[in-house]
Asker: 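Mind having a look at this structure? Questions to follow.
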Amino acid sequence: MAELRLEQVSKHYIEDRHSVYALKDISLTIEQGEFVFLIGSSGAGKTTLLKLMSGELTPDEGAVCLNGANMARLIGPWRVRATRTFGVVSQQGLLIRKRTVGDNLLLAANAAGMRRKGREAVKKALGIVGLPGVEGCYPAELSIGESRRVELARAVVNSPNILLLDELTANLDDDVIWDLLHLLMEMNAKGTTIVMATHASQYVNIMRRRVITLVDGRVAGDVKKGKYGDLK
């Protein structure tokens, strides 16, 4: 089980010698098993927030806590263990184009400490996302939808407790989006926490899960069973 808590978290960057906040005073708690949509316009801070949650970025103010432990203070094996709690799909994609799908996933499995069972984990992950037998393909040989499924397989290869997904469904056809969302709902039903940044308003409105809205780096709304744009 994994509880993720953000306590008055802020992150800033320097622009024209001035400090500008990407996120300001964010306080949230995400319980194990929740399905959360993270919405907001481009530049609202969604990607930064996901990177803070995963520990890729460290807050300039406040704390990101995993099961009560401040992630910024974890070192050595405790830090490694914490990062393995998360499976991440980034907006840009993490697949190495000169390596096969199998090799890409095997690298992720090895990084997660699964050297002995890496190939078995790769096959299982590809089966979960509905792409068995594509280990020998290269990313360029796949459709956009298949590539995103492989990205998702990469994220779940070590069976993480929390999935952090940045625009997983961007630029995909409706049928592909529904297929991916059904996969995510199945994973969520089995206990995986999902935090998904998205602009796909119609699907947010249909699914009616928790909706967190960012505006100019602040939480403007946090609604259970919400719709796109709900602020309270």
Side-chain angles (χ1 to χ4, degrees), residues 2 35-38 46-51 53-57 79-200 203 207:
F35 194 128
V36 181
F37 285 116
L38 186 61
K46 301 187 298 297
T47 296
T48 301
L49 183 54
L50 290 175
K51 288 182 177 180
M53 288 179 176
S54 70
E56 180 179 343
L57 293 179
R79 177 74 177 181
V80 172
R81 191 174 301 141
T83 58
R84 290 175 181 170
T85 301
F86 302 95
V88 177
V89 176
S90 73
Q91 203 166 5
Q92 293 77 21
L94 298 172
L95 297 179
I96 302 170
R97 301 187 68 79
K98 292 185 177 181
R99 289 183 176 267
T100 64
V101 167
D103 285 344
N104 268 282
L105 269 64
L106 194 58
L107 285 171
N110 290 342
M114 305 177 68
R115 292 184 180 276
R116 283 189 171 184
K117 297 184 177 181
R119 295 194 182 279
E120 180 182 333
V122 167
K123 287 184 178 181
K124 180 180 178 181
L126 288 171
I128 288 172
V129 302
L131 287 177
V134 301
E135 290 93 330
C137 297
Y138 287 86
E141 297 177 296
L142 305 176
S143 67
I144 296 175
E146 288 170 336
S147 293
R148 296 309 273 171
R149 283 175 180 263
V150 171
E151 293 276 4
L152 183 57
R154 183 187 183 280
V156 303
V157 73
N158 67 321
S159 303
N161 288 320
I162 302 173
L163 281 177
L164 303 175
L165 312 173
D166 197 354
E167 297 293 350
L168 174 67
T169 59
N171 303 315
L172 299 178
D173 295 336
D174 286 344
D175 288 345
V176 178
I177 292 174
W178 268 124
D179 286 345
L180 284 170
L181 288 174
H182 279 298
L183 279 172
L184 296 177
M185 286 188 285
E186 288 176 7
M187 293 179 197
N188 181 242
K190 294 177 181 178
T192 303
T193 304
I194 295 172
V195 183
M196 181 177 180
T198 185
H199 285 102
Y203 302 100
M207 290 179 65

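Numbering of residues begins at 1 and proceeds along the displayed sequence.
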Asker: CZ/Arg99 to CG/Leu106 distance, rounded to the nearest 0.5 angstrom?
Answerer: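 Result: 9.5 Å between the selected atoms.
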Asker: Below 4.5 Å, heavy atoms only, C-beta onward: do Arg148 and Val89 meet side chain to side chain?
Answerer: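 A side-chain contact under 4.5 Å exists here.
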Asker: Can you spot which of Leu126, Val134, Asp179 makes a side chain to side chain contact (heavy atoms under 4.5 Å, CB included) with Arg149?
Answerer: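 The residue from Leu126, Val134, Asp179 that satisfies side chain to side chain contact (heavy atoms under 4.5 Å, CB included) with Arg149 turns out to be Asp179.
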Asker: To the closest 0.5 Å, what do you measure between CG (Leu165) and CD (Glu151)?
Answerer: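 That separation rounds to 10.5 Å.
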Asker: Does Val150 form a side chain to side chain contact (heavy atoms under 4.5 Å, CB included) with Arg154? I'd like the steps, not just the answer.
Answerer: CA-CA 6 Å; Val150 171; Arg154 183 187 183 280; 5.6 Å; no
Asker: Leu168 and Leu184: side chain to side chain contact (heavy atoms under 4.5 Å, CB included), yes or no, with the steps?
Answerer: CA-CA 11 Å; Leu168 174 67; Leu184 296 177; 4.0 Å; yes
Asker: Supply the atom-to-atom distance Tyr203 OH to Leu180 CG, rounded to the nearest 0.5 angstrom.
Answerer: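 Reported value, rounded in 0.5 Å steps: 10.5 Å.
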Asker: Checking the side chain of Glu135 only, and the main-chain atoms of Lys123 only, is there a donor and an acceptor separated by less than 3.5 Å?
Answerer: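 No; judged by distance alone, with no hydrogens or angles, the pair does not exist.
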Asker: Quick one: does Ile128's side chain get under 4.5 Å of Leu152's, heavy atoms only?
Answerer: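 Not touching, per the 4.5 Å side-chain cut-off.
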Asker: Mind checking the CG-NZ spacing from Asp166 to Lys46? Nearest 0.5 Å is all I need.
Answerer: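 Result: 7.5 Å between the selected atoms.
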Asker: Quick one: does Thr192's side chain have a donor or acceptor within less than 3.5 Å of a partner on Asn188's backbone?
Answerer: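 No; zero donor-acceptor contacts below 3.5 Å.
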Asker: Between Cys137 and Glu141, which heavy-atom pair has the shortest distance, and what is it?
Answerer: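 Heavy-atom minimum between the residues: CA-OE1, 3.3 Å.
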Asker: State whether the side chain of Glu120 and the backbone N or O of Lys117 hold a donor-acceptor pair below 3.5 Å, judged by distance alone.
Answerer: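 Not a single qualifying donor-acceptor pair exists.
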Asker: Which heavy-atom pair separates Met207 from Phe37 by the least distance, and what is that distance?
Answerer: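 That would be SD-CZ, 3.7 Å.
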Asker: Check whether any side-chain heavy atom of Leu131 sits under 4.5 Å from a side-chain heavy atom of Val101, and report yes or no.
Answerer: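 Counting from C-beta outward, Leu131 and Val101 never come under 4.5 Å.
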Asker: With rounding to the nearest 0.5 Å, note down the distance linking CG in Leu105 to CZ in Arg119.
Answerer: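 It comes to 11.5 Å.
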Asker: Which pair of non-hydrogen atoms, one from Ala125 and one from Ala153, has the smallest distance, and what is that distance?
Answerer: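 Taking Ala125 first and Ala153 second, the nearest heavy atoms are CB-O, 3.5 Å.
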Asker: Carefully, step by step, assess Met196 and Leu181 under the rule side chain to side chain contact (heavy atoms under 4.5 Å, CB included).
Answerer: CA-CA 10 Å; Met196 181 177 180; Leu181 288 174; 4.0 Å; yes
Asker: Kindly give the heavy-atom pair with the smallest separation between Pro139 and Ile96, and that separation in Å.
Answerer: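 Nearest heavy atoms, Pro139 then Ile96: CG-O, 3.8 Å.
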Asker: Okay, side chain of Asn161, backbone of Thr85: is any donor-acceptor separation there less than 3.5 Å?
Answerer: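 A pair under 3.5 Å: no.
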Asker: Would you compute the distance between atom CD of Glu167 and atom CG of Leu50 and round it to the nearest 0.5 angstrom?
Answerer: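 Rounded to the nearest 0.5 Å, the CD-CG separation comes out at 9.5 Å.
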